[in-house]
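Since we're looking at a predicted model, the values are computed, not measured.
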Amino acid sequence: WEFLNLTRVSTLAEVKRQGKKICAMSYKELTRYNLELGGGGGGGGAGAADAAAAAAAKRVPDLPEMCFLAMYTYAQLHYGYHIKTDRKLASQGKVEYQGVKLKIGWPLGAMLYEINTLPWQYVPGDSPETTGAPESLSEDDAEAASAAAAA
């Protein structure tokens, strides 16, 4: 999202537009673009430009694949999941959990999605260990799950 220079909430059409912009760049232009995203740039001659290009490439080690990644994201969301191009998408890179900022990745996102598909039931006054336990679990299974979670 950041590399495509998109706002936190953008449409799928904007993802495609920015992806096409990235794909139209030469490697040299892409390196310069990457450097500008990082707030670098400025004079200093050819030696400084080479050093800046090396620093930019270190920030995004898969720089040559960014065109593919941008268009793959668009294709997967639009053609794979049938998301309309005018649909607004929100990007969330990190979440805070118990005072620690965690980077969101595929496993965490998949887990959160799957958890939200379970038949959770909130019962006021229940202890945190049993609040939200799925109704479909037997009492023995719920106790085993609570013990495993506490371990």
Evaluate the side-chain proximity of C23 to M71: yes if any heavy-atom separation is below 4.5 Å, no if none is. yes
Taken to the nearest 0.5 Å, the spacing of N5 CG from E36 CD works out to 10.0 Å
Determine the minimum heavy-atom distance between G19 and A70, stating which atoms define it. CA-CB, 3.8 Å
Roughly how far apart are E14 CD and Y74 OH, rounded to 0.5 Å? 12.5 Å
With rounding to the nearest 0.5 Å, note down the distance linking NE2 in H82 to CG in L77. 11.5 Å
Residue pair T85 / H78, side-chain heavy-atom distance below 4.5 Å: yes
Could you tell me whether the side chain of Y33 and the main chain of F3 form a donor-acceptor pair under 3.5 Å? yes
Within this structure, what is the NZ-SG distance for the pair K20 and C67, rounded to the nearest 0.5 Å? 11.0 Å
Same cluster or not: V9 versus I83, using hydrophobic residues (I, L, V, M, F, W, Y) connected whenever any side-chain heavy atoms lie under 4.5 Å apart? no
Hphob cluster co-occupancy, V15 + Y79, side-chain heavy atoms under 4.5 angstrom: yes
Side chain of E29, backbone of S26: donor and acceptor closer than 3.5 Å? yes
Could you check whether any side-chain heavy atom of D86 comes within less than 4.5 Å of a side-chain heavy atom of L12, counting everything from C-beta outward? no
Might you confirm whether atom CZ of R8 has over 12 heavy atoms from other residues, nucleotides or ligands at distances under 6.0 Å? yes
Roughly how far, to the nearest 0.5 Å, is the CZ atom of R87 from the OG atom of S10? 13.5 Å
Quick one: are T11 and L89 in side-chain contact, heavy atoms under 4.5 Å? no
If I take atom CG from residue L30 and atom NZ from residue K21, how far apart are they, to the nearest 0.5 angstrom? 11.0 Å
